[in-house]
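Structure first, then comments.
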Amino acid sequence: MAAHPLAVLLPLQALLLFWRLNLLSPWFDEADTLLFMRGPLGPAIAIPASGLHPPLYFLVLWCWMRLPLGLSWTIQARTLSVLFTLCATFAADRLWARRFSQRAHWCFLTLWAFSPFLLLYGRMSRSYSLQLLIGVTALAAIVLFEKQRSRRAFAVLTAFLIVALYTHYVPGAALLTAANVALLRRGRWRDAAAVDTLCALAMAPWMVWLIPQLQTWSSHHVSYALTGGAATEIVFKLAYWSMSFTLGEAIADPVLISGAIIVPLTLLLALAGARRNGKLALIALAAAAVGFLGVTKWVAYPFIPARMIFFFPLFLTFFTEGAVSHRRVGTISFLALLITSLSGIWCYFHLQGFRNKQYPLPMDQIATRIRTTSDLLHPAILVDESNSDIIGLRFALDGEVPLLGTRDPQVFSTLSSWLTDPAIHTIWFLRNTHDVSAEHLDEQFEERLSVGSRVTRFDYERFTPLELRLMHALRMTNPPEYFHQLIEFQR
């Protein structure tokens with residue numbers, strides 16, 4: 001058993017990943033995926049393609065959802081993600097961890113199996129866990145082909161890179177860049193050109209979708225920024241990414257405060273491990289740079305870590321090598337990470353300390369409240385589209401109840417018709433307590449609906465004491481105690 005940690009840790013990780021797969025309500029992107037998976041295959045590929053997603057994961061998921069497994073729609077989709085995560089764990093053991101000593105082998109796989117980061121993203125019905133699996137295997141294929149030039153190694157590497165490109169453009173481009181750096185560093189120009197040519201030919205059938213998407217990416221502007229400055233926002237994105245990889249994103253306040261020591265120490269040890277392995281560090285630097293530049297232009301800070309999940313094997317490899325080379329400090333850092341990981345797992349399953357509060361928002365409970373107290377034959381449900389989750393609520397209501405978004409061009413006329421319709425006795429408004437809408441439209445909608453109505457508020461996802469202190473420190477005027485509100489207007 002001591003020589004085979006996978007035999008112990010893989011079943012434990014499987015237990016964590018499969019446990020209560022319906023714990024979190026499907027959120028925006030996840031709910032959107034689950035909705036269009038109910039339709040035919042064509043739209044199931046075309047809809048995500050319009051949002052910068054290649055087809056492979058959605059093709060696999062669409063076929064998987066047609067299997068008669070007897071599971072609920074959400075759990076069946078998430079089960080596929082869990083299986084990809086467990087395959088990634090097996091691959092990480094075979095392709096990465098076995099290069100270590102027995103002690104380092106246990107260190108690597110223990111932190112992998114109990115990673116709160118992988119627990120969060122390895123259960124979502126998104127392509128994250130498939131990207132993780134591809135990251136593990138493709139990076140190993142790059143290292144192998146760099147060391148051993150053979151037709152088989154060439155074919156394996158090219159195949160994994162093509163699969164990566166058809167799974168998601170970010171890991172695909174990052175891994176392809178890393179492969180080129182590894183080969184060009186050794187002066188193997190022909191090999192690099194051959195890999196690039198075959199990848200380009202393989203992507204040719206998808207170019208009709210890819211070229212317009214690249215134009216969309218180049219002109220895209222991230223609508224939400226926490227700091228307001230471009231440079232400071234990048235620093236914050238890097239910090240959030242580091243926090244997620246090391247501590248997870250469901251963190252108790254004391255653990256988050258201790259992260260001011262744990263995270264820098266972990267990163268320093270990872271840097272020390274990278275210095276001990278210069279060839280791999282060069283590959284990692286190329287992959288990280290391309291991946292981060294690709295996602296930082298497209299998404300806000302809370303969504304950076306998930307889209308960099310393919311880099312997690314390299315991060316953990318470097319940390320393990322650094323911890324082994326600095327044994328005393330490494331042991332302390334390993335124990336600290338393990339304790340914080342166990343704390344993160346507890347917080348995750350108890351729905352506490354989520355730093356991105358969109359994930360634990362109980363949309364199923366919100367939908368149940370609306371169903372049980374409303375006449376859905378005459379639905380009147382307004383949702384804040386600037387900073388809330390209209391797709392998540394639509395999925396929770398089975399996709400059958402019409403919802404009115406605050407960005408709808410007809411929103412004002414529809415609200416007027418609701419207020420004059422004698423058949424409508426209750427109007428609902430789901431909104432974020434932080435109004436980021438243009439001209440504070442959310443507050444205007446609430447004021448208009450409150451006239452002549454009995455108002456009842458239902459609060460969701462309380463901010464932690466540390467978060468409230470930070471809001472006060474940032475001089476926010478009347479910082480809210482809760483993240484979200486469902487407001488009931490009874491006429």
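Note that this is a predicted model, so its numbers are computed, not measured. No hydrogens, no waters, no symmetry mates; every other heavy atom, side chains included, goes into these values.
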Inset, instruction - Could you tell me whether the side chain of T246 and the main chain of M243 form a donor-acceptor pair under 3.5 Å? - result: yes
Legend entry - Check: T177 side chain, A173 main-chain N or O, donor-acceptor pair, under 3.5 Å: yes
Inset, instruction - Check whether any side-chain heavy atom of F36 sits under 4.5 Å from a side-chain heavy atom of P48, and report yes or no. - result: yes
Legend entry - Close side-chain approach of D32 to W27, heavy-atom, < 4.5 Å: no
Inset, instruction - State yes or no: are the ring centers of F117 and F312 separated by less than 6.0 Å? - result: yes
Legend entry - T197 (side chain) donor-acceptor with A193 (main chain) under 3.5 angstrom: yes
Inset, instruction - Decide yes or no for L12 and F114: does some side-chain heavy atom of the first lie under 4.5 Å from some side-chain heavy atom of the second? - result: yes
Inset, instruction - Evaluate side-chain contact (heavy atoms from CB on, under 4.5 Å) for C199 paired with L165, printing each intermediate quantity in order. - result: CA-CA 8 Å; C199 288; L165 286 166; 4.1 Å; yes
Legend entry - Interatomic distance, L361 atom CG to F354 atom CZ [nearest 0.5 angstrom]: 11.5 Å
Legend entry - No-hydrogen, no-angle side-chain donor-acceptor test under 3.5 Å, D253 and T464: yes
Inset, instruction - Kindly indicate, with the supporting measurements, whether the criterion side chain to side chain donor-acceptor pair (under 3.5 Å) is fulfilled by S81 and R123. - result: CA-CA 6 Å; S81 296; R123 289 159 51 100; over 6 Å; no
Inset, instruction - Classify the side-chain pair E249/Y121 by whether it contains a donor and acceptor separated by less than 3.5 Å. - result: yes
Legend entry - Reported OG-to-CG distance for the pair S388 and L393, which is rounded to 0.5 angstrom: 8.0 Å
Inset, instruction - List the steps and the verdict of salt bridge (Lys or Arg N to Asp or Glu O under 4.0 Å) for E30 and R78. - result: CA-CA 10 Å; E30 189 183 22; R78 290 174 173 175; 2.8 Å; yes
Legend entry - All pairs passing side chain to side chain donor-acceptor pair (under 3.5 Å) where residues 95-115 contributes a residue, at least two apart: T89-W112, D93-R98, D93-H105, R99-E321, R103-T331
Legend entry - Residue pair T33 / S125: nearest heavy atoms and the distance that separates them: CG2-O, 4.0 Å
Legend entry - Pairing of K279 and E146 as salt bridge, 4.0 angstrom limit: no
Inset, instruction - Give a yes or no answer on whether the side chain of D398 reaches the backbone of E400 with a donor-acceptor pair at less than 3.5 Å. - result: no
Legend entry - Taking every non-hydrogen atom, the tightest pair across Y359 and P302: OH-O, 4.3 Å
Inset, instruction - Taking the side chain as every heavy atom from C-beta outward, state whether F84 and L132 have any atom pair closer than 4.5 Å. - result: no
Inset, instruction - May I ask you to test the F334-L269 pair for a side-chain heavy-atom distance under 4.5 Å? - result: no
Donor-acceptor list for residues 136-143 side chains, cut-off 3.5 Å, not counting sequence neighbours:
from: T137; atom 1: OG1; to: L133; atom 2: O; distance (Å): 2.9
from: T137; atom 1: OG1; to: I134; atom 2: O; distance (Å): 3.2

Inset, instruction - Answer yes or no: is there a donor N or O on one side and an acceptor on the other, between the side chain of H168 and the main chain of V170, under 3.5 Å? - result: yes
Inset, instruction - Compare all side-chain heavy atoms of S25 with those of F395 and state whether any distance is below 4.5 angstrom. - result: no
Legend entry - Least distance between heavy atoms, L256 atom then R355 atom: CD2-CZ, 3.7 Å
Legend entry - side-chain contact (heavy atoms from CB on, under 4.5 Å) assessment of V295 paired with F303: CA-CA 9 Å; V295 298; F303 309 108; over 6 Å; no
Inset, instruction - Please report the closest heavy-atom contact between A288 and M308, naming both atoms and the distance. - result: O-CE, 3.9 Å
Legend entry - Spacing of L176 atom CG and T158 atom OG1 [to the nearest 0.5 Å]: 9.5 Å
Inset, instruction - Determine whether L314 and F311 make a side-chain contact, defined as any pair of heavy atoms from C-beta on separated by less than 4.5 Å. - result: yes
Inset, instruction - Verify, without hydrogens or angle tests, whether W62 (side chain) and G39 (backbone) share a donor-acceptor contact under 3.5 angstrom. - result: yes
Inset, instruction - Heavy atoms only: give me the nearest F319-C107 pair and the separation to one decimal. - result: CE2-SG, 4.4 Å
Inset, instruction - Evaluate the side-chain proximity of R407 to S386: yes if any heavy-atom separation is below 4.5 Å, no if none is. - result: yes
Legend entry - Spacing of E385 atom CD and I391 atom CD1 [to the nearest 0.5 Å]: 8.0 Å
Legend entry - Other residues, nucleotides, ligands: >12 heavy atoms within 6.0 Å of R66 CZ: yes
Inset, instruction - Could you please spell out the steps behind the side-chain contact (heavy atoms from CB on, under 4.5 Å) verdict for R149 and F154? - result: CA-CA 7 Å; R149 189 175 185 271; F154 171 78; over 6 Å; no
Inset, instruction - Taking atom CG of L338 as the centre, report whether more than 12 heavy atoms of other residues, nucleotides or ligands fall under 6.0 Å from it. - result: yes
Legend entry - Main-chain N/O of A300 paired with K237 side-chain donor or acceptor, under 3.5 Å: no
Legend entry - K357/E467 ion pair, N-O < 4.0 Å: yes
Inset, instruction - Ignoring hydrogens and angles, tell me if any N or O in the side chain of S244 forms a donor-acceptor pair with the backbone of W241 under 3.5 Å. - result: no
Inset, instruction - Taking the six-membered ring for Trp and the single ring otherwise, decide whether the centroids of Y301 and F236 are under 6.0 Å apart. - result: yes
Inset, instruction - Go through L130 and L80 one step at a time and tell me if the side-chain contact (heavy atoms from CB on, under 4.5 Å) criterion holds. - result: CA-CA 9 Å; L130 180 57; L80 178 63; over 6 Å; no
Legend entry - CZ (R276) with more than 12 external heavy atoms under 6.0 Å: no
Inset, instruction - Over all heavy atoms of both residues, which pair between T320 and A104 is shortest? Give the atoms and the distance, please. - result: CG2-O, 3.6 Å
Inset, instruction - Nearest 0.5 Å please: distance from the CG atom of L247 over to the SG atom of C347. - result: 11.0 Å
Inset, instruction - Could you tell me whether the side chain of N432 and the main chain of N387 form a donor-acceptor pair under 3.5 Å? - result: yes
Inset, instruction - With sequence neighbours left out, write down each residue that passes side-chain hydrogen bond (donor to acceptor under 3.5 Å, both in side chains) with Q76, or none if nothing qualifies. - result: none
Inset, instruction - Working to the nearest 0.5 Å, report the span between CZ of F315 and OG1 of T317. - result: 10.5 Å
